Structure formats: structure tokens, C-alpha cells
Amino acid sequence: GEVMLRTANTCIDAHDPYAQARWWDQLLDDHVLDPEASQDDDEVGLAGPGGRWLIFLKVPEEKTVKNRMHLCLRPVETDRDTEVARVLALGASMVDDLREGEGTSWAVLADPEGNEFCVLKATAAEDGISRGA
């Protein structure tokens, strides 16, 4: 049969959804912070391509274990090492630096609340992905 499902959004638990959304807004070229979002919201989103959102949901507990799912980010008009340095300067922490290898080498980082994500070596253009796709 036909596949009839499509990703609507990706949700990430957060102690401070607004701060997390604002932080991720500085990282991502293809997602934009909801202009109506406020510090008092329990759910704060970044609008992405095709109407797909990255949503931060308020939860009472802190992150305690490794993510079972994470975002992989790729440079758009720059390179991996430049982006890793920029992200670290914004307050990310290095979890596992796997950049020493050739080919598919990446860096695993964590956002201010400890959620892991990686920055890949290949740019979107090198992988044949157009801007905004």
C-alpha cells in the first residue's frame, strides 16, 4: 500500500522551551523562531521547511541519559569546522569529536540543556541538497 504519513514536527523536551528555541534559532538556517513565542509558553516552535516544526516542550525533569534520537546538521555555505567553532562559541559543549577521520567524519555536540546533535562534514551543496530543502 501507499505510505500515507509525513513528518509534522520534531519535539524536544526542555526545562526552558523559550531559551532552547532561541538558542537553536541561532544555529539553524532552515528554521525560524515563532514570532509570537514568549518566555511564558510551555511549547515554543521553530518553523521549518514544508511546514515542519522543531518544537521545544516544557517538562519538569532534567535530561539524564543519552538521547535515543538526535538531529544531524550540515553546513550550508561554510564548512564543518567553522560551524563547530561557531556552535561552541554559542554555548554548546563537545560530546565526542570524531573529526579526525576522512570522509564521513563529524562532531557530536550538546545544546545548553544537554541534547546531543552532530555537525556533519559534507555541506548541503556537496550532498546535492538545495538551500531551503
Side-chain angles (χ1 to χ4, degrees):
E2 292 183 43
V3 177
M4 300 303 287
L5 294 173
R6 178 175 290 168
T7 306
N9 57 61
T10 301
C11 294
I12 300 173
D13 289 349
H15 184 68
D16 186 340
Y18 185 68
Q20 282 289 91
R22 288 189 59 206
W23 191 85
W24 280 90
D25 185 46
Q26 296 176 79
L27 262 64
L28 301 175
D29 173 64
D30 62 347
H31 284 72
V32 178
L33 180 65
D34 179 354
E36 297 178 14
S38 84
Q39 183 67 51
D40 299 325
D41 294 342
D42 287 343
E43 179 179 309
V44 180
L46 299 172
R52 293 177 182 90
W53 288 72
L54 183 59
I55 298 175
F56 295 88
L57 301 173
K58 186 170 186 69
V59 296
E61 66 275 3
E62 300 290 332
K63 180 184 173 291
T64 56
V65 296
K66 183 183 184 297
N67 292 33
R68 295 289 303 265
M69 183 170 70
H70 65 267
L71 299 176
C72 293
L73 310 178
R74 59 174 93 250
V76 177
E77 294 175 358
T78 179
D79 61 61
R80 180 202 57 207
D81 293 343
T82 299
E83 287 305 300
V84 167
R86 183 178 74 88
V87 171
L88 288 170
L90 288 172
S93 56
M94 182 66 72
V95 173
D96 195 4
D97 194 341
L98 302 169
R99 293 180 288 171
E100 68 278 353
E102 284 299 314
T104 57
S105 59
W106 60 90
V108 181
L109 298 110
D111 72 16
E113 289 199 11
N115 298 299
E116 294 95 0
F117 61 96
C118 17
V119 177
L120 306 175
K121 182 174 184 177
T123 65
E126 289 167 348
D127 271 358
I129 299 170
S130 65
R131 187 181 182 102

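The figures here come from the full heavy-atom set of this structure, side chains too, leaving out hydrogens, waters and symmetry mates. No experiment lies behind these values; they were computed from the predicted model shown.
Interatomic distance, Asn9 CG to Leu57 CG, rounded to the nearest 0.5 Å: 8.0 Å. In this structure, CD1 on Ile12 lies 8.0 Å from CG on Asn67, to the nearest 0.5 angstrom. Asp42 CG to Phe56 CZ: the interatomic distance, rounded to the nearest 0.5 Å, is 15.0 Å. To the nearest 0.5 Å, the span separating SG on Cys118 from CG on Leu71 amounts to 8.5 Å. Atom CZ of Arg74 sits about 11.0 Å away from atom CG of Asp30, to the nearest 0.5 Å. Remark: Ile55 CD1 to Glu43 CD distance equals 5.0 Å, nearest 0.5 Å.
In this structure, His70 and Glu116 approach most closely via the heavy-atom pair CB-O, 3.2 Å. Here the shortest heavy-atom pairing between Pro75 and Asp79 reads CG-C, 3.6 Å. In terms of heavy atoms, Val65 sits closest to Lys63 at O-NZ, 2.7 Å. Taking each heavy atom of Met94 and Val108 in turn, the nearest pair found is SD-O, 3.6 Å. Shown here for Tyr18 and Gln39, the closest heavy-atom pair between the two residues is CD2-OE1, 3.2 Å.
Aromatic ring centroids of Phe117 and Trp24 lie under 6.0 Å apart.
Under the 4.5 Å side-chain criterion, counting only non-hydrogen atoms from C-beta, Asp97 is not in contact with Val84. Side-chain contact check for Leu46 versus Leu33: some heavy-atom pair is nearer than 4.5 Å.
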Problem - Chi angles and distances behind the side chain to side chain contact (heavy atoms under 4.5 Å, CB included) call for Val44, Gln20 - result: CA-CA 9 Å; Val44 180; Gln20 282 289 91; over 6 Å; no
Practice task
Check the pair Glu113, His15 against side chain to side chain contact (heavy atoms under 4.5 Å, CB included), reporting the backbone distance first and the verdict last.
Solution key: CA-CA 8 Å; Glu113 289 199 11; His15 184 68; 3.5 Å; yes
Practice task
Assess whether side chain to side chain contact (heavy atoms under 4.5 Å, CB included) is satisfied between Trp53 and Thr7, documenting all intermediate values.
Solution key: CA-CA 9 Å; Trp53 288 72; Thr7 306; over 6 Å; no
Practice task
Quick one: do Ser105 and Leu98 satisfy side chain to side chain contact (heavy atoms under 4.5 Å, CB included)? Show the steps, please.
Solution key: CA-CA 6 Å; Ser105 59; Leu98 302 169; 5.6 Å; no
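Cluster annotation: Leu73 is not connected to Trp106 through the hydrophobic network of ILVMFWY side chains, with a link wherever side-chain heavy atoms come within less than 4.5 Å. Hydrophobic clustering of Ile, Leu, Val, Met, Phe, Trp and Tyr side chains at less than 4.5 Å, counting indirect connections, unites Leu90 with Leu109. Under the 4.5 Å side-chain heavy-atom criterion for Ile, Leu, Val, Met, Phe, Trp and Tyr, Val76 and Leu27 are members of distinct hydrophobic clusters.
Residue-environment remark: NE2 (His31) exceeds the threshold of 12 foreign heavy atoms within 6.0 Å.
For Thr64, the side chain to side chain contact (heavy atoms under 4.5 Å, CB included) criterion is met by no residue, not counting sequence neighbours. Taking the side chain to side chain contact (heavy atoms under 4.5 Å, CB included) definition, one finds that Val59 meets it with Asp13, Glu61, sequence neighbours left out.
A salt bridge is defined here as a Lys NZ or Arg NE, NH1 or NH2 lying under 4.0 Å from an Asp or Glu carboxylate O, and Arg86 with Glu83 meets this definition.
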